[in-house]
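Numbered from 1 within each chain, the chains take letters A, B, ... in sequence-line order.
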2 protein chains.
Amino acid sequence: MVTDQAEPVLSGSPYRADCPTRHVLDRIGDRWTVLIVVALWDGSARFSELGRRIEGISQKMLTQTLRGLERDGLVRRTVYPEVPVRVEYGLTEAGRTLREPLRALQEWSIAHLGDVTAAQEVYDHTE
Amino acid sequence: MVTDQAEPVLSGSPYRADCPTRHVLDRIGDRWTVLIVVALWDGSARFSELGRRIEGISQKMLTQTLRGLERDGLVRRTVYPEVPVRVEYGLTEAGRTLREPLRALQEWSIAHLGDVTAAQEVYDHTE
DNA sequence: CGGAATCCGCCATGATACTG
DNA sequence: CAGTATCATGGCGGATTCCG
């Protein structure tokens, strides 16, 4: 996560702490990031519209996660100085490239959640 | 493994708390699950070999995460009653189906981590 | 070797209140 | 509407010890 101990490790280790996958997982592996990206891939949305789309997210986490995505260059924040102010969030070009890998994961979820749940029940029942 | 959902869960409708993607993210969205699955791609491995492959994981989390994957039916644990005992972990058929979506994510990481890091530096510098 | 059990710090998350 | 600020907390994950 944050702690990357400068430990000399054998160079054969395939899954080193600084590999790209680890970094990306640390960023999108939280509770809300993926959900926000998915919620935005049909088009931009306003702050409260996003909050309504993503059931259960708090205002704080919506703000915080959007800031992180903006910092990563995956989401663009646009302010329209109207009254009342309007703020739109949308995926950047880079953010849109995340669609395909995330869609693959989403389709896996839809296709296999049933199997996973069934396996859990067997496991819990027979242990 | 053909998914024939005419209308994806996320299109138009609120992103509900009980949708498959949320459940799966809650399961694989932790610190180690994905890394273990990836580490098992090439074949089974013993407990300590896994620990050596995945830099930074503690014994406790290795055990705990493997138990979760076993419960989900994604990893199979095989005990060989030798002396000393030998335990092998390998992906199940279901676990292997996770390879493609995770590989897509991995490739995205490799391809875009540089852009993300660069965007972060710009963001941190200009705010 | 392959764990189980225990203690514990810390941080991500959540609830609440306030603001421009 | 679109946030910011503050406080409380649950549990994730690390370190250590013990066991068959």
Just the rounded figure in Å: distance from [atom2] of [N] to [atom1] of [X].
X	N	atom1	atom2	result
A:Leu62	C:dA15	CG	C1'	16 Å
A:Phe47	C:dG20	CZ	C1'	15 Å
A:Arg27	C:dA12	CZ	P	11 Å
B:Tyr80	C:dG3	OH	P	13 Å
B:Leu25	C:dT13	CG	P	13 Å
A:Arg46	D:dG3	CZ	C1'	13 Å
B:Ile57	D:dG14	CD1	C1'	12 Å
B:Lys60	D:dC12	NZ	P	9 Å

Choosing from [options], which nucleotide comes nearest the side chain of [X]?
X	options	result
A:Met61	C:dG14, D:dA2, C:dG2	C:dG14
B:Thr63	C:dG3, D:dA2, C:dG2	C:dG3
B:Gln59	C:dG3, D:dT4, D:dC1	C:dG3
A:Trp32	C:dT13, C:dA4, D:dG3	C:dT13

Is the distance from OP1 or OP2 of [N] to the nearest side-chain N or O of [X] less than 4.0 Å?
X	N	value
B:Tyr89	C:dG3	yes
B:Ser58	D:dG13	no
A:Arg86	D:dC1	no

Side-chain donor/acceptor of B:His112 to backbone N/O of B:Trp108, under 3.5 Å: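 Yes.
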B:Asp124 backbone acceptor or donor facing A:Arg71 side chain under 3.5 Å: no
Contacting residues from residues 64-79 of chain B, given that a heavy atom lies under 4.0 angstrom of DNA chain C: B:Arg67, B:Arg77
Joint hydrophobic cluster, B:Tyr80 plus B:Tyr89, side-chain heavy atoms closer than 4.5 Å: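 Unlinked, B:Tyr80 and B:Tyr89 end up in two clusters.
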Gap separating the CG atom of B:Asp72 from the CG atom of A:Asp115, nearest 0.5 angstrom: 11.0 Å
Result of checking A:Leu69, A:Asp42, A:Leu40, A:Leu74 against A:Leu91 for side chain to side chain contact (heavy atoms under 4.5 Å, CB included):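 Only one of A:Leu69, A:Asp42, A:Leu40, A:Leu74 forms a side chain to side chain contact (heavy atoms under 4.5 Å, CB included) with A:Leu91, namely A:Leu40.
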Option from A:Leu62, A:Ile54, A:Leu66 for which side chain to side chain contact (heavy atoms under 4.5 Å, CB included) with A:Trp32 holds: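 Only one of A:Leu62, A:Ile54, A:Leu66 forms a side chain to side chain contact (heavy atoms under 4.5 Å, CB included) with A:Trp32, namely A:Ile54.
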A:Arg46: partners by salt bridge (charged side-chain N to carboxylate O under 4.0 Å, His left out), with sequence neighbours left out: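 Applying salt bridge (charged side-chain N to carboxylate O under 4.0 Å, His left out) to A:Arg46 gives none.
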